[in-house]
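Structure first, commentary second.
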Amino acid sequence: MLPSDGAALRDRVFAELSQRLPEDEFKAWFDPSKVSLSSSGSNCELHVRNVFMAEHYERNYRVALEEVLSRVAESPVRLAIRVNGDGSALAKPAESANGEPAILLPATIPASAAPIPAAIANGLVLNPNYTFENFVVGLSNRLAHAAATSVAASPGNAYNPLFLYGSVGLGKTHLLQAICHAILAKTPGLNISYLSCEEFVNDYIASVQNMKELEGFRARMRGVDVLLIDDIHFLAGKEGSQEEFFHTFNTLHNAQKQIILCSDAPPKDIPTLEERLMTRFSWGLVARIDTPTFETRVAILKRKAEARGTPFPEDVLFFIAQNIESNIRELEGAVTKVAAYASLLARPIDLEVAREALRDALEVASAPVSIADVQAVVCRKLSVKTAELQSKSRTKSISKARQIGIYLARTMTNASQTDIGNAFGGRDHSTVSYAIDTVKDLLHSDSAFRVFVEQLADEIRKSKL
Ligand code: ADP
Ligand code: MG
């Protein structure tokens, strides 16, 4: 059982957390004036002031908090993160356990994919929103979309295999599942199997010990009419699974059964992928999904805002589309954030609200970051001069600032290593690489350093708003 006295509970939990976190970080996020805890039975609530704090705790501290709470309670504890409001500003205030007006963090707030109830049809677990109707077609995904629709219309006869690739958050999973939905709607009798490559690998490993199970696994994989495997790049470095998949592939392909794969890289760039698989993956159609153009981003944002019943004015759509370029999942996240922020403060969705909502989330900058922007913040925060960053000086504080500057320039701007080397006093390629690696290593090993560098990056982004 947890202590029912909120203050006593908080003292115990925070005391333990203070041991785990760097002092600055602990002070910044676990000051009793900012957060409080309450409990009833094995449920516990963390109360925070706004939706952005909620998101931050969700992302960074939920696991640690649940661990500590479970230890204190000596049984598993589930934590809910709640945003306190004054009631009046909330569209629909919900009652929290202790009667305080609160709203639950909207499920879609975390940057990661929102948990959407899955539809199960023919034993397939599919996201009901991932349909062709909900997929916005633009220059960047036109080919992949066209190929996906023709495969769905005539499985086994169009392109075999269909191989889609592109970076994260660009709609690969959406298209794969849209194919499933379309086939199920048209020919419900077809035997479709949609699984992540990880599931394929895990099922294979689990069955390999036992001949009977292995036969069962093979029969399942090789007996389908349509096989879709998501994130096939997960086969990298897994020789046994590659071998098994090779045979699965051959059996299905010979029988003219449809195979659809997606990956974050084209077949030739999947590390350690066997040559014979690489060639097979390229037998049908390999279609790349690019990052969406500005117009497509606007169209996607518009669709997402309308789908949640909160149409956005055009200038807001433009603002978000200008600032979030690379990832459609982030575009969706931005829509949710702006809508949640406006509803929380009972304000209309306008440019000002969008700016505030997204500035607090520290994700967007209104103009691209330049090397000079990075240097300006690094110099200000680390008390060095630009000339010193560019000098030959090897004084510890200066070379540290220089390395951080080079790293941030590399990760936050589009500049090449050569440009960066030039901007930091004509340094050569290997010096630039060395600086980046050094900072990366430190980011891994030293959490206080990581927090510090993240704060610098936030400062740089803010300087552009
Ligand atoms: P990937 O599998 O490539 O990482 P997802 O398919 O999971 O990306 O897409 C990320 C999010 O973006 C999903 O919520 C998806 O619905 C949405 N999305 C991606 N592309 C589009 C598009 N063209 N139109 C509408 N929504 C899209
Ligand atoms: Mg995916």
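The residues of the chain are indexed from 1 along the displayed sequence. First listed ligand is number 1; within each ligand, the first listed atom is number 1.
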To which protein heavy atom is [atom] closest, and what is the distance rounded to 0.1 Å?
{"atom": "atom 26 (N) of ligand 1", "answer": "K304 NZ, 2.9 Å"}
{"atom": "atom 25 (C) of ligand 1", "answer": "N134 O, 3.3 Å"}
{"atom": "atom 15 (C) of ligand 1", "answer": "H174 ND1, 3.4 Å"}
{"atom": "atom 13 (C) of ligand 1", "answer": "Y130 OH, 3.5 Å"}
{"atom": "atom 24 (N) of ligand 1", "answer": "V136 N, 2.8 Å"}
{"atom": "atom 20 (N) of ligand 1", "answer": "I328 CD1, 3.2 Å"}
{"atom": "atom 7 (O) of ligand 1", "answer": "R329 NH2, 2.6 Å"}
{"atom": "atom 11 (C) of ligand 1", "answer": "E332 OE1, 3.5 Å"}

Taking the side chain from [X] and the backbone from [Y], do they hold a donor-acceptor pair closer than 3.5 Å?
{"X": "H181", "Y": "N127", "result": "yes"}
{"X": "R410", "Y": "A415", "result": "yes"}
{"X": "T296", "Y": "P292", "result": "no"}
{"X": "H233", "Y": "S263", "result": "no"}
{"X": "Q258", "Y": "G156", "result": "yes"}
{"X": "R276", "Y": "F246", "result": "no"}
{"X": "N160", "Y": "I259", "result": "yes"}
{"X": "N210", "Y": "E213", "result": "yes"}
{"X": "R280", "Y": "F249", "result": "no"}

R222: salt bridge (Lys or Arg N to Asp or Glu O under 4.0 Å) partners, not counting sequence neighbours: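 Checked R222 against salt bridge (Lys or Arg N to Asp or Glu O under 4.0 Å); matches are E244.
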Candidates L261, L164, T173, I260 - the one meeting side-chain contact (heavy atoms from CB on, under 4.5 Å) with D230: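 With D230 as partner, L261, L164, T173, I260 yield a single side-chain contact (heavy atoms from CB on, under 4.5 Å), made by T173.
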Those atoms of ligand 1 less than 4.0 Å from some heavy atom in V168: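 Taking each heavy atom of V168 in turn, ligand 1 has 4 (O) under 4.0 Å.
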Which of the ligand 1 atoms, numbered from 1, are nearer than 4.0 Å to a heavy atom of F135: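 By the 4.0 Å cutoff, the relevant atoms are 20 (N), 21 (C), 22 (C), 23 (N), 24 (N).
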Any N or O on [X] sitting closer than 3.5 Å to an N or O of ligand 1?
{"X": "V137", "value": "no"}
{"X": "I300", "value": "no"}
{"X": "L170", "value": "yes"}

Heavy-atom gap G166 to ligand 1 smaller than 4.0 Å: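 Per 4.0 Å heavy-atom rule, G166 does not contact ligand 1.
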Under-4.0 Å salt bridge between E215 and R220: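 Not counted as a salt bridge, because no side-chain N and carboxylate O are separated by less than 4.0 Å.
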Among G333, A299, G171, closest by any non-hydrogen atom to atom 9 (O) of ligand 1: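 Looking at heavy atoms only, G171 sits closest to atom 9 (O) of ligand 1.
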Charged tip of K337 within 45° of Y341 ring normal and under 6.0 Å: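 Judged by the rule, K337 and Y341 form no cation-pi pair.
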F30 and Y61 aromatic centres sub-6.0 Å: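 When the ring centroids of F30 and Y61 are compared, they turn out to be within the sub-6.0 Å range.
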Listed protein N/O/S atoms, distance to the Mg ion (ligand 2) under 2.8 Å: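 Protein N/O/S atoms under 2.8 Å of the Mg ion (ligand 2): T173 OG1.
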N141, portion touching ligand 1 at heavy-atom distance under 4.0 Å: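 Contact part for N141 vs ligand 1: side chain (C-beta onward).
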